[in-house]
2 protein chains.
Amino acid sequence: MVQLVVRKPAKSQQPAWPRDEFERRLRAKERLYHIHHPFQVRMNAGELEPAAIRGWVANRFYYQTSIPIKDAAVMANCRDREARRLWVQRIIDHDGTGGADGGIEAWLQLGDAVGLTREELLDERHVLPGVRFAVDAYVNFARAATFEEAACSSLTELFAPTIHQRRLDNWPDVYPWIEAQGYNYFRKRLSEARRDVEHGLQVTLEHFTQRHEQEYALNILQFKLDVLWSMLDAMWMAYMNDMPPYHSCPEDA
Amino acid sequence: MVQLVVRKPAKSQQPAWPRDEFERRLRAKERLYHIHHPFQVRMNAGELEPAAIRGWVANRFYYQTSIPIKDAAVMANCRDREARRLWVQRIIDHDGTGGADGGIEAWLQLGDAVGLTREELLDERHVLPGVRFAVDAYVNFARAATFEEAACSSLTELFAPTIHQRRLDNWPDVYPWIEAQGYNYFRKRLSEARRDVEHGLQVTLEHFTQRHEQEYALNILQFKLDVLWSMLDAMWMAYMNDMPPYHSCPEDA
């Protein structure tokens with residue numbers, strides 16, 4: 001059994017926040033979204049070398065390929081058929097189905113557009129340990145969480161359309177060397193994230209109703225923000241600081 | 001169920017390494033030990049400000065407090081009574097028993113010696129997300145691993161006495177402000193690590209006998225090296241780079 005890594009506040013005497021105030025506090029977490037991470041800021045300003053862009057695409061691919069596993073773990077803890085009927089769409093969006101390729105395939109095309117082969121994405125050779133540990137923490141959280149806790153942890157999608165839209169707006173100008181078919185993933189997620197988050201938000205607002213539960217929900221969302229921020233910290237060390245793992249070790253004897 | 005994060009090589013036609021060659025390859029992993037991480041190098045050279053030393057002590061405490069949980073998970077996957085009789089000593093070493101305080105208490109005294117209260121260590125307020133995710137990856141590995149895989153992952157203790165001895169040799173000179181009772185942990189681990197690793201090494205050398213199994217064992221040890229290195233990467237970002245999580249986010253509205 002995996003342990004939940006998010007701390008539950010003790011029951012409190014404080015009155016619950018009204019639903020709209022709780023929602024406002026969830027949305028206020030956007031202040032800590034990784035859109036403000038220096039790696040993301042520089043990436044969006046066009047300041048990254050191709051090697052750093054490729055590093056980001058290859059590392060973020062580990063997140064992409066982990067998401068359907070995370071969502072399967074969420075469904076494995078959910079006995080509510082109606083909820084599963086909605087949630088399964090997330091798996092299909094990423095894995096694809098029938099005629100549609102899905103998000104993982106779209107990300108492989110982004111890889112191609114920035115000069116990464118499918119093979120080097122799929123074999124995970126570029127994935128940094130710090131990125132792997134952060135993504136695995138998210139997947140393991142979903143394994144141990146109730147459906148409602150997991151739904152709450154997905155609420156960073158509240159903030160995702162802005163980050164995707166900025167990439168669509170800026171990258172074609174600042175990175176003319178990236179081929180246009182690379183942008184399908186970001187375009188696709190604009191509408192998907194908006195739809196997914198409606199469901200996740202509704203579940204969260206309805207389930208966490210007492211004050212200590214609402215505070216717990218904010219902690220869960222903070223945990224997910226920590227995952228996203230830590231991924232970029234590891235990439236900053238490797239690609240901006242020129243301190244990839246083991247850079248300072250002696251040569252092989 | 002947690003997934004194992006270490007890749008198993010496919011069966012190979014290559015002959016197994018003789019036992020001494022396998023042991024040599026395990027020991028050669030010392031080249032990638034975190035003793036070579038710039039954070040550790042500067043710490044040992046006396047170049048860290050008190051705030052960075054305190055950051056390291058507080059973050060490393062999360063590792064210390066997770067180790068007995070990791071070892072309990074290891075024992076929970078071990079049906080061999082003789083092996084458990086040896087392994088339980090690790091839990092006792094950290095948690096203490098009867099008249100002896102154990103490693104966690106010794107680390108709290110190290111905290112006191114560098115100016116950290118027990119409360120701020122125990123409530124984990126200083127623990128960085130990247131450190132937490134790396135340590136949790138190690139604990140979760142132990143939950144999912146066989147006893148022999150977990151024993152193999154503990155083999156970084158082959159390299160630990162050197163790092164503890166260096167601290168004992170250098171810190172009193174370069175950090176005169178640290179009180180002497182802080183060093184009990186390092187002194188205590190010198191002998192414990194040497195004893196523990198004999199058992200772990202014997203289990204590993206006896207269990208992983210085919211070539212692809214030996215390569216798998218090297219991957220497991222590499223995973224553990226990744227854990228230790230990633231912890232220091234997160235501390236480097238926060239305390240050396242002055243880029244702690246969320247440093248670049250807008251002020252609270």
Side-chain angles (χ1 to χ4, degrees), chain A residues 1-3 5 7 24 28-41 66 69 73 76 123-124 128-141 143-144 222-223 225-234 236-238 240-241 243-253, chain B residues 1-3 5 7 24 28-41 66 69 73 76 123-124 128-141 143-144 222-223 225-234 236-238 240-241 243-253:
Chain A
M1 192 55 198
V2 193
Q3 284 184 304
V5 291
R7 208 170 283 198
R24 194 194 62 73
K29 285 280 185 187
E30 184 161 22
R31 186 177 79 78
L32 305 177
Y33 193 50
H34 63 170
I35 200 169
H36 302 298
H37 194 288
F39 193 97
Q40 198 79 248
V41 171
S66 298
I69 293 166
D123 68 14
E124 301 175 5
L128 297 160
V131 168
R132 188 181 294 274
F133 298 150
V135 172
D136 289 352
Y138 185 38
V139 177
N140 285 329
F141 177 82
R143 290 187 203 281
Q222 182 60 53
F223 156 73
L225 290 164
D226 289 347
V227 167
L228 297 174
W229 194 275
S230 290
M231 290 172 66
L232 290 180
D233 273 359
W236 182 274
M237 283 293 281
M240 308 301 282
N241 250 8
M243 295 175 71
Y246 310 113
H247 69 283
S248 53
C249 292
E251 290 297 308
D252 218 338
Chain B
M1 191 54 199
V2 194
Q3 285 185 307
V5 291
R7 207 169 285 198
R24 194 194 64 74
K29 286 281 185 187
E30 185 160 21
R31 187 178 78 80
L32 306 177
Y33 193 50
H34 63 170
I35 201 169
H36 302 297
H37 194 289
F39 193 97
Q40 198 77 248
V41 171
S66 297
I69 294 167
D123 69 14
E124 302 175 4
L128 298 161
V131 168
R132 189 180 292 276
F133 298 151
V135 171
D136 290 351
Y138 185 37
V139 178
N140 285 329
F141 177 81
R143 289 186 204 281
Q222 183 61 53
F223 156 73
L225 291 163
D226 289 347
V227 167
L228 297 174
W229 194 275
S230 290
M231 291 172 65
L232 291 179
D233 272 0
W236 182 274
M237 283 294 281
M240 308 302 283
N241 250 8
M243 295 175 71
Y246 311 115
H247 69 283
S248 52
C249 292
E251 292 297 307
D252 219 339

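In the text below, chain A, chain B and the rest are named by the order of the sequence lines, each starting its count at 1.
Rounding to the nearest 0.5 Å gives a distance of 10.5 Å between CZ of A:Phe133 and CZ of B:Phe141. Residue A:Tyr246 holds its OH atom at 10.0 Å from CZ of B:Arg31, rounded to the nearest 0.5 Å. Summarising the geometry, atom CE belonging to A:Met237 is positioned 7.0 Å from atom CH2 belonging to B:Trp236; distances are rounded to the nearest 0.5 Å. Expressed to the nearest 0.5 Å, how far CZ of B:Arg143 lies from CG of A:Asn140 amounts to 9.5 Å. Taking CE of A:Met243 as the start and CG of B:Leu232 as the end, the distance is 10.0 Å to the nearest 0.5 Å.
The closest side-chain heavy-atom distance from A:Ser230 to B:Arg132 is not below 4.5 Å.
The minimum heavy-atom distance linking A:Ser248 with B:His36 is given by the pair OG-O, 2.7 Å. For the residue pair A:Trp229 and B:Pro245, the shortest heavy atom distance occurs at NE1-CA, 3.5 Å. The two atoms that bring B:Leu32 and A:Cys249 nearest to each other are CA-SG, 3.8 Å, heavy atoms only.
In this structure, chain A has no heavy atom under 4.5 Å from any part of B:Val139. At a 4.5 Å heavy-atom cutoff, the contact between A:Gln222 and chain B is made by backbone and side-chain atoms alike. With a 4.5 angstrom heavy-atom cutoff, B:Glu30 does not touch chain A via any of its atoms. Only the side chain of B:Asp136 comes within contact range of chain A, with heavy atoms under 4.5 Å apart. Within the 4.5 angstrom heavy-atom criterion, no atom of A:Ile35 approaches chain B. Residue contact with chain A, scored on non-hydrogen atoms closer than 4.5 Å, is absent for B:Leu128.
When B:Ala76, B:Pro250, B:Pro129 are compared by the number of non-hydrogen pairs under 4.5 Å with chain A, B:Pro250 comes out ahead. Of all the listed residues (A:Ala28, A:Gly130, A:Ala73, A:Ala134), the one sharing the greatest number of non-hydrogen pairs under 4.5 Å with chain B is A:Ala134.
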